[in-house]
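These notes are about the structure you will find just below.
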Amino acid sequence: MIETERYLIRPLVTDDAAGIFELDSNPKVHAYLGNNPIKTLAEAENTIQFIQQQYKDLGIGRWAIIEKSSGNFVGWTGFKYIIEPVNNHVNYHDLGYRLIESYWGKGIATETAKACLKYAFEVLDLEVVYGICDISNIRSKNILQKCGLKITETFDYDDTPHYWFEINNLEYQRNKSLS
């Protein structure tokens, strides 16, 4: 679906279950996500089925990141269409990413999130994309900012302070012309 220099970004498939399990069973991955890692491969399979249903129902959902050189599952990136109110917003596209720990610190989240934003604004023609992160998650904050999203406020999400980020199509186009 989407290709970067080092990665393929494609819909999640059933065969990604082992990768999802490695990703979402790691407590470090869940440090800023409510500290609720999964415990079984069946939970990973259910996660994939849930996201595949989002593809059908909402036309979008998180996508797998596959390393071109090895074919390895690295994590996921892309959009979730949020249909429940978050920070007084509803029916919006949330940009997110999650990587297997051994892939942290290699620029993967930034590289793939930027490719997703390009897709959002140049293919899907979205007006605006949002992102959120726990204010203690400095790495995620930096990734969203490197992608051009701006912090517009802080809010409580699940009783934890979070940053609210936004970028609109005009800002994206302006940033693109500067780089």
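By convention here, the first residue in the shown sequence is residue 1.
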Who are the side-chain hydrogen bond (donor to acceptor under 3.5 Å, both in side chains) partners of [X], not counting sequence neighbours?
X      : answer
Gln53  : Asp57
Gln54  : none
Arg139 : none
Thr110 : none

Trp164 vs Thr154, side-chain contact (heavy atoms from CB on, under 4.5 Å): CA-CA, chis, key distance, verdict | CA-CA 6 Å; Trp164 182 262; Thr154 58; over 6 Å; no

Min side-chain heavy-atom separation Lys118-Val123 under 4.5 Å = no

Do Gln52 and Pro11 have side chains that get closer than 4.5 Å, going by heavy atoms?
-> no

Inter- and intrachain pairs under salt bridge (Lys or Arg N to Asp or Glu O under 4.0 Å), touching [range], at least two apart:
range           : value
residues 36-52  : none
residues 65-76  : Glu3-Lys68
residues 83-105 : Asp24-Arg98, Lys28-Glu101, Arg62-Asp94

For the residue pair His162 and Phe155, does the interplanar ring angle fall in the parallel (under 30°), tilted (30 to 60°) or perpendicular (over 60°) class?
->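 Tilted.
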
Between Ile143 and Lys146, is a side-chain contact (heavy atoms from CB on, under 4.5 Å) present by the stated rule, with each step listed?
-> CA-CA 5 Å; Ile143 291 163; Lys146 285 180 195 173; 5.7 Å; no

Who passes side-chain contact (heavy atoms from CB on, under 4.5 Å) against Gln173, sequence neighbours left out?
->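 Checked Gln173 against side-chain contact (heavy atoms from CB on, under 4.5 Å); matches are Phe121, Glu122, Asn169, Lys176.
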
side-chain contact (heavy atoms from CB on, under 4.5 Å) with Val13: which residues, sequence neighbours excluded?
-> Arg10, Asp15, Asp16

Partners passing salt bridge (charged side-chain N to carboxylate O under 4.0 Å, His left out) against Glu166 (at least two apart in sequence or in another chain) |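 Partners of Glu166 by the salt bridge (charged side-chain N to carboxylate O under 4.0 Å, His left out) criterion come out as none, since no residue qualifies.
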
Qualifying residue, where the test is ring pair (Phe, Tyr, Trp, His ring centres under 6.0 Å) with Trp63 and the options are Tyr119, Phe73, Trp76, Tyr7 |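 Testing Trp63 for a ring pair (Phe, Tyr, Trp, His ring centres under 6.0 Å) against Tyr119, Phe73, Trp76, Tyr7 leaves exactly one candidate, Tyr119.
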
Scanning both residues in full, the closest heavy-atom pair of Leu95 with Cys116 reads CD1-CB, 4.1 Å

Which pair of non-hydrogen atoms, one from Cys147 and one from Ala113, has the smallest distance, and what is that distance?
->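 What the structure gives for the nearest pair is SG-CB, 3.7 Å.
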
Could you tabulate the donor-acceptor pairs under 3.5 Å formed by side-chain atoms of residues 127-138, not counting sequence neighbours?
from	atom 1	to	atom 2	distance (Å)
Asp134	OD1	Ser136	N	2.7
Asp134	OD1	Ser136	OG	3.4
Asn137	OD1	Ser140	N	3.1

Where at least one partner belongs to residues 20-48, residue pairs that pass ring-ring contact (aromatic ring centres under 6.0 Å, His included), sequence neighbours excluded | none

Stepwise side-chain contact (heavy atoms from CB on, under 4.5 Å) test for Thr112 and Val74 | CA-CA 11 Å; Thr112 57; Val74 172; over 6 Å; no

